[in-house]
Trainee: 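I'd like to ask some things about the structure below.
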Amino acid sequence: MNYIFLVDCNSFYASCEMIFRPDLAGKPVVVLSNNDGFIIAANSQAKSLGYKTIEKPFFMLEQQLIKDKVEIFSANFELYGAISKRVMRLLSELSNRIEVYSIDEAFLEVSFNENQLLDIAFYLRKRILDEIGVPVSVGISMTKTLAKAAMEIAKKRREGVFYLKPDQHDVLSSIPVNDVWGVGQKYGEKLIKKGVKTALDLSRLQELWAREHMTVVGLRCVKELNGVPCIKFDSVPQTRKTIQRSASFGHLVFTLSDLKKAISIHCERAGEKLREDKLLSLGILVHIHTNPHLEEPQYGRSAATNFAIPTADTPTLIKYAHKLLEEVYLPGYRYLKTGVLLFDLIEEDMAPGNLFRQPYIDSKEQKLMNSLDAVNTGLEQGTLAFASSGIGENPNKMRQSKRSPRYLTRWSEIPEVKAK
DNA sequence: TCTGGGGTCCTAGGACCC
DNA sequence: TCTGGGGTCCTAGGACCC
């Protein structure tokens, strides 16, 4: 019999920070988003003080956090990514049917006897905690949606593991419909209005209604809650379809030239990602918009175009992006945010030939980009940069006053251990 | 009075996820 | 002063083609 395990790291970012700070054990810890905008992770102690993720902006909570003696960290995604890799590597020792679903969770498909399931989950949990230092919860069931539901229960239990058998109506009726995977705010409101309040109610919803009001996504959700697998298991990671880089400015920006610098930096980062994944892009989109939280004239627009040949060459990205930016830019507005999106990505070796133009692969541009990446990954990101991104200034500069060291990925930030 | 049918592609917007 | 960022999938409507 095949079962789905869902392994999810508890308050992942906060747990990562605590690995290197044993002095924080038992204390409330939160991690902030880029720009120190929101809380994006809170450990159980912080949650029990009432702190939730993505609720109120950090600046409105800061005083209370200090009063509550909560340890505050700025996001350190380089560290979290490195720890995530370790967790996933360990999990893949257990099953080669693994789908890494996000930075902190993975589905495993396993065929064991039912009476072995809990033992395996406990074993896995202990190994990840002992060897990596991250606590995880494990939800087990027959479909992904039910495994997610099992996870909701597992998270609330001290042992951190739960097996949801098919037709366990008492359990499904204890899960609010809003907590079901695939039900967000809008669908949640619709469902409650219709009297569908729990996962059990949802599993009994007429399929036609689900199809009509929640598209095929809703229909799949209902079927999965009834133990019918509808969401396929992707053990081979799909190549990504888009790469986005965008950010809010620390302060509002008026001028085309400031926007150009920001866009230039986004192109640098997007290009790095493209080459890291050995992909080429066929198209690029640029967007800009004003601050919707302010009561002043609003404006936002995007524009897209295709490249002459599939490329991963940063100067080309910048050239096209700047042209698009000039198309969408209107003077007189105060801009908050801008970004680029690369789409129609293909793998390097799948690039179609072109009779009239030299392909990017094996070009001198590619060699230059490879050298650039070697310097920037070996040293500090941005060691080598483009003049169009501005020199010694970064309009995208993030507020991140409380970032921990990148213990695992920078030699200069490696932890020091002193013997007494 | 009555104004094809079917297919594809593109885009914008909505909904969801972490 | 300060309100995240990066993804996926689905749908409807318009343009266009034969």
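Worth saying up front: this structure is predicted, and the values here are computed from it rather than measured. Naming: A, B, ... by sequence-line order, numbering from 1 per chain.
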Trainee: Closest approach to the side chain of A:Val216, judged atom by atom: which nucleotide of C:dG5, C:dC10, C:dG4 is it?
Mentor: C:dC10

Trainee: Between B:dT3 and C:dC18, how many Å separate the two P atoms, rounded to a whole number?
Mentor: 25 Å

Trainee: Report the nucleotide, chosen from B:dC18, B:dA15, C:dT11, that has the shortest atom-to-atom distance to any side-chain atom of A:Trp181.
Mentor: B:dC18

Trainee: When you measure from the side chain of A:Ser33, which nucleotide among C:dG4, C:dG5, C:dG6 comes out closest?
Mentor: C:dG4

Trainee: Base, sugar-phosphate or nothing for A:Val180? Non-hydrogen atoms, less than 4.0 Å.
Mentor: sugar-phosphate

Trainee: Can you tell which of C:dT8, C:dG5, C:dT3 lies closest to the side chain of A:Lys241?
Mentor: C:dT8

Trainee: Would you mind reading off the distance between A:Arg301 atom CZ and B:dA12 atom C1', rounded to a whole angstrom?
Mentor: 13 Å

Trainee: Provide, to the nearest angstrom, the distance between the CG atom belonging to A:Leu279 and the C1' atom belonging to C:dG6.
Mentor: 15 Å

Trainee: Mind checking A:Lys273 for me? I need base, sugar-phosphate or nothing, with any heavy atom below 4.0 Å counting as a touch.
Mentor: nothing

Trainee: Nearest to the A:Thr215 side chain among C:dC10, C:dG5, B:dC18, which nucleotide is it?
Mentor: C:dC10

Trainee: Under a 3.5 Å limit for both distances, which nucleotide forms a Watson-Crick or G-U wobble pair with C:dC18, could you say?
Mentor: B:dG5

Trainee: Would you say that more than 12 heavy atoms from the other residues, nucleotides or ligands in this model lie under 6.0 Å from the CG of A:Leu208, or not?
Mentor: no

Trainee: Which of these, A:Glu212, A:His213, A:Gln206, sits in a side chain to side chain donor-acceptor pair (under 3.5 Å) with A:Trp209?
Mentor: A:His213

Trainee: How close or far is atom C1' of C:dT3 from atom CG of A:Leu61, stated in whole angstroms?
Mentor: 11 Å

Trainee: Give the rounded distance in Å between these two atoms: CG of A:Asn34 and P of C:dG7.
Mentor: 13 Å

Trainee: Taking A:Lys402 first and then A:Glu17, would you say they form a salt bridge - that is, a charged N and a carboxylate O separated by under 4.0 Å?
Mentor: no

Trainee: Looking at every strand, decide which applies to A:Asp36 at a 4.0 Å heavy-atom threshold: base, sugar-phosphate, or nothing.
Mentor: nothing

Trainee: When you match A:Ile54 and A:Ile243 each to their closest nucleotide on DNA chain C, which lands nearer the 5' end?
Mentor: A:Ile54

Trainee: Measure from the side chain of A:Tyr187, starting at C-beta and using heavy atoms only, and say which of B:dA15, C:dG5, C:dG6 lies closest.
Mentor: B:dA15

Trainee: For A:Lys56 and C:dC2, is the shortest distance between a side-chain N/O and OP1 or OP2 below 4.0 Å?
Mentor: no

Trainee: C:dC9, B:dC18, C:dG4: which one has an atom nearest the side-chain heavy atoms of A:Arg220?
Mentor: C:dC9

Trainee: Do the charged groups of A:Asp234 and A:Lys232 touch, with an N to O distance under 4.0 Å?
Mentor: yes

Trainee: A:Glu78 has an atom CD; how far is it from atom P of C:dG5, in whole Å?
Mentor: 18 Å

Trainee: Looking at A:Tyr320, does the NZ or CZ of A:Lys323 lie under 6.0 angstrom from its six-membered ring centre and within 45 degrees of the ring axis?
Mentor: yes

Trainee: So does A:Arg86 have more than 12 non-hydrogen atoms from other groups sitting under 6.0 Å from CZ?
Mentor: no

Trainee: Could you give the CG-to-P distance, from A:Leu252 to C:dT1, as a whole number of Å?
Mentor: 12 Å

Trainee: Nearest to the side chain of A:Lys337, heavy atoms from C-beta on, is which of C:dT11, C:dG5, B:dC18?
Mentor: C:dG5

Trainee: Closer to the 5' end of DNA chain C via nearest nucleotide, is it A:Val217 or A:Glu62?
Mentor: A:Glu62

Trainee: Taking the basic N atoms (NZ, or NE/NH1/NH2) and the acidic carboxylate oxygens, is any pair closer than 4.0 Å for A:Glu207 and A:Lys223?
Mentor: yes

Trainee: Which whole-number value in Å describes the distance from A:Leu191 CG to B:dA15 P?
Mentor: 13 Å

Trainee: For the side chain of A:Phe38, counting heavy atoms from C-beta on, which of B:dA15, C:dG6, C:dT3 is nearest?
Mentor: C:dT3

Trainee: Please state whether the phosphate of C:dG5, meaning OP1 or OP2, lies under 4.0 angstrom from any side-chain nitrogen or oxygen of A:Asn35.
Mentor: yes

Trainee: From the set B:dC17, C:dT8, C:dT11, return the single nucleotide nearest to any side-chain atom of A:Tyr101.
Mentor: B:dC17

Trainee: Ignoring backbone atoms, test whether A:Ser248 places a side-chain nitrogen or oxygen under 4.0 Å from the OP1 or OP2 oxygen of C:dG5.
Mentor: yes

Trainee: A:Lys190 has an atom NZ; how far is it from atom P of B:dG14, in whole Å?
Mentor: 13 Å

